[in-house]
Amino acid sequence: MTKQSVTRADFDKVMVPNYNPQQMVPVRGRGSRVWDQEGKEYIDFAGGIAVTALGHAHPALVKTLKEQADKIWHLSNIFTNEPALRLAQKLCEATFADKVFFCNSGTEANEAAFKLARKYSYDHVGPEKHEIISFEKSFHGRSLFTVSVGGQKKYREGFEPVPAGITHLPYNDINALKNAISARTCAVVLELVQGEGGVINADPAFVKAARELCDEHNALLIFDEVQTGIGRTGTFFAYQQYDVIPDIITSAKALGGGFPIGAMLTTDQCAVSLNFGSHGSTYGGNPLACAVAEVVIDEINQPEVLAAINAKHQKFVKRLTEINEKYHIFQDTRGLGLLIGVELVEQWQGKAALFMAAAREQGLMMLIAGPNVLRFAPSLIIDDQDITQGLDKLDAAIAQVLAQ
Ligand SMILES: *Cc1c(COP(=O)(O)O)cnc(C)c1O
């Protein structure tokens, strides 16, 4: 059977216009290199939006996926399976958690977390304790509930009415949280580095205060670690460098290294409230996804791999500083580990997408986080040569934009 040839132009004909992909079609990848339909090579600093944590076609992941494909693909949750049980054990061993719920995306992991928070308070107090506190610029997914908890109004507009009982406060503002939290609060949810919102780090004092205020008001503390988890920030989960233990964390993105999977991790005490029949997912805990994720964890959750992520962070920041000394276009460098953002100066605000397009022309795949921030979320095992060459391309892309 011959396959019909397709190009980027077909996207506009047959795809809903909710995305506007770059003007090339990648067809193959290895490590941190990708090739498009024309055979042009790119260095990948986008990592599929912080997903391909072991790069493309990592031999251990490919081998595991092929082996599992030959055994069993799917069962549903009428049956359990070995990869899911092994993965859950490993996630519990590596974190504060005692129990795991599997699903297929970050949105679904957060949906489960928010439903659990409401159910937990319903079980222990009553239906009036249902309010969720979240933060401006946060991102928690695109389902109606998660988009409502998210702190970006533009993603909710046109989809109202949205679920009630959700408050958005300024991020890193301890006083605002102190004033808003009450006996009616069932959960406080935050990202330890706001990813989509512009790569904004949580203040350690704010995270500590959130824990204390949640304890005081009998509310659950949820960390959305969909983007920050699985080594991205230089520890296995980001909370492990904040000295604060949450009640729930959510994971997805890098967890599957590119194979769709999500997970919600929680304590024994909270888990009781997701009792039999209360929640579910047909694909959640799929053997293919769980087999791959187990290998992702084995590869990343090692002291030397995590330490190397912090060294790569330093390498990025050093070179970004040098680039900025040349062009003076960044006013701030933020992030942790290999989630790095640079905010453009006033004069270039709103133009982040221009730099992303120029980078692509120079052979670099990268990300933006809103209109003002360039974002880098490469493979966690990207080698030094790829970092150097990728940043050479960024340098050339900036020169190109400034020359126009
Ligand atoms: C990407 C992301 C999500 C949504 O994950 P999907 O897999 O796209 O549903 C949720 N929260 C955070 C912090 C994210 O970065």
Side-chain angles (χ1 to χ4, degrees), residues 8-9 11-12 15 17-26 32 34 36 40 42-51 135-139 142 150-158 170-172 191 193-201 227 313 315-336 338-378 387-404:
R8 170 63 180 80
F11 183 94
D12 300 329
M15 304 285 265
N18 63 318
Y19 305 117
N20 179 23
Q22 294 286 305
Q23 297 296 325
M24 52 81 160
V25 181
S32 287
V34 170
D36 70 11
K40 178 173 170 176
Y42 299 83
I43 290 181
D44 186 3
F45 282 180
I49 315 186
V51 167
F135 298 94
E136 287 163 11
K137 291 191 175 168
S138 67
F139 183 80
R142 298 295 201 116
Q152 304 194 47
K153 203 158 179 271
K154 65 172 192 241
Y155 293 143
R156 294 195 291 278
E157 256 161 28
Y171 188 58
N172 280 333
E191 295 160 85
V193 179
Q194 288 189 330
E196 302 307 307
V199 190
I200 304 170
N201 300 37
Q227 190 152 164
H313 171 94
K315 198 173 170 66
F316 257 92
V317 169
K318 182 166 176 286
R319 182 68 192 282
L320 287 167
T321 306
E322 285 163 15
I323 289 174
N324 199 35
E325 279 161 7
K326 214 159 137 190
Y327 302 111
H328 308 287
I329 59 160
F330 310 143
Q331 58 171 315
D332 199 13
T333 304
R334 300 189 291 257
L336 290 172
L338 284 173
L339 176 58
I340 297 169
V342 285
E343 181 163 1
L344 296 167
V345 294
E346 192 74 27
Q347 187 196 346
W348 289 98
Q349 296 244 317
K351 306 266 171 62
L354 275 184
F355 293 92
M356 182 167 66
R360 183 249 309 153
E361 284 174 36
Q362 295 289 341
L364 175 68
M365 295 158 71
M366 53 165 275
L367 302 168
I368 58 179
N372 307 328
V373 175
L374 312 185
R375 176 173 39 152
F376 311 100
I387 294 177
T388 303
Q389 289 183 17
L391 288 167
D392 287 345
K393 289 173 188 290
L394 179 70
D395 187 323
I398 292 169
Q400 182 186 326
V401 173
L402 266 57
Q404 273 158 13

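Because the structure is a prediction, the values reported are computed rather than measured.
No side-chain donor-acceptor contact under 3.5 Å links Gln194 to the backbone of Val199. For Lys393 (side chain) and Met365 (main-chain N/O), no donor-acceptor pair under 3.5 Å exists by modelled atom type. Side-chain atoms of Ser138 come within 3.5 Å of backbone atoms of Gly151 as a donor-acceptor pair (strictly under, hydrogens ignored). Side-chain atoms of Asn324 come within 3.5 Å of backbone N or O of Ile329 as a donor-acceptor pair. Judged by distance alone, with hydrogens and angles left aside, the side-chain atoms of Gln349 form no donor-acceptor pair with the main-chain N or O of Pro371 at under 3.5 Å.
The side-chain heavy atoms of Val342 and Leu320, taken from C-beta on, include a pair separated by under 4.5 Å. No side-chain heavy atom of Asn372 sits less than 4.5 Å from a side-chain heavy atom of Trp348. Lys315 has its side chain within reach of Thr388: a pair of non-hydrogen atoms, C-beta onward, lies under 4.5 Å apart. Within the 4.5 Å cutoff, the side chain of Phe355 has no heavy atoms near those of the Ile368 side chain. The shortest side-chain heavy-atom distance between Arg319 and Asp395 falls under the 4.5 Å cut-off.
Ring-plane geometry between Phe139 and Tyr155 is classed as perpendicular, the angle between the planes exceeding 60 degrees on a 0 to 90 degree scale with a lower cut at 30.
Between Lys137 and Glu196, no side-chain nitrogen of the basic residue sits less than 4.0 Å from a carboxylate oxygen of the acidic one, so the salt-bridge criterion is not met. Salt bridge Lys318/Glu322: present, at least one basic N to carboxylate O contact under 4.0 Å.
A cation-pi arrangement is not found for Arg360 relative to Tyr42, the charged atom failing to lie both closer than 6.0 Å to the ring centre and inside a 45° cone about the ring normal.
For Glu346 and Gln331, the side-chain atoms include no donor-acceptor pair closer than 3.5 Å. Defined by atom type and a distance below 3.5 Å, a donor-acceptor pair is missing between the side-chain atoms of Gln227 and Glu191.
Ile387 approaches Phe45 most closely through the heavy-atom pair O-CZ, 3.6 Å. Here the shortest heavy-atom pairing between Thr321 and Val317 reads OG1-O, 2.6 Å.
Taking Arg8 as the reference, Asp12 meet the salt bridge (Lys or Arg N to Asp or Glu O under 4.0 Å) condition, with sequence neighbours excluded.
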